[in-house]
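What follows is a set of notes on a single structure, which appears directly below.
Being a predicted model, the structure only gives us computed values, none of them experimental. Sequence positions, counted from 1, serve as the residue numbers for this chain.
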Amino acid sequence: MGIIIKPIVTEKQTMITDKKPNRVGFRVSPDANKIEIKKAIEDLYGVTVVSVNTMNYSGKRKSRYTKSGVVTGKEAAFKKAIVTLKEGETIDFFSNI
């Protein structure tokens, strides 16, 4: 499995990208460090990365009531990286649609 899992294209991340077009969010492997993430983004998209900020999210507990009783579970934990690109560079995720 690679370092970059998928880009984050949510409403909140889109608002960040609209304010600062050189910032992009990615869901990354939990054991990847900032240097590995920077190298993977530069190799994959051919852009220059200025900085990488990472965040670890722990899995949340969820429960729901069903006919057979209470079903409990847990969401998966993940790591998110906000990548700042060189001024003037952008990544277009929707170019091949």
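The shortest distance between side-chain heavy atoms of Val28 and Thr54 does not fall below 4.5 Å.
Annotation: side-chain hydrogen bond (donor to acceptor under 3.5 Å, both in side chains) contacts of Thr66 (sequence neighbours excluded): Ser68. For Thr10, the side chain to side chain contact (heavy atoms under 4.5 Å, CB included) test picks out Ile8, Lys12, Gln13, with sequence neighbours left out.
The NZ atom of Lys86 sits 14.5 Å away from the OG1 atom of Thr84 when rounded to the nearest 0.5 Å.
Looking at every heavy atom in both residues, Gly2 comes nearest to Ser29 through O-CB, 4.0 Å.
Judged as a salt bridge (charged side-chain N to carboxylate O under 4.0 Å, His left out), the pairs with a partner in residues 59-82 (not counting sequence neighbours) are, in order, Lys62-Glu75. The list of salt bridge (charged side-chain N to carboxylate O under 4.0 Å, His left out) pairs with a residue in residues 16-29, not counting sequence neighbours, is empty.
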Could you pull out all donor-acceptor pairs under 3.5 Å where a side-chain atom in residues 37-48 meets a protein atom, sequence neighbours excluded?
| residue | atom | partner | partner atom | Å |
| --- | --- | --- | --- | --- |
| Lys39 | NZ | Asp43 | OD2 | 3.0 |
| Glu42 | OE2 | Val49 | N | 3.1 |

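The other members of the hydrophobic cluster of Tyr65, by chain and number, are Val70 (side-chain heavy atoms under 4.5 Å, ILVMFWY only). Hydrophobic cluster of Ile82: the remaining members, joined at side-chain heavy-atom separations below 4.5 Å, are Met55, Tyr57, Phe78, listed by chain and number.
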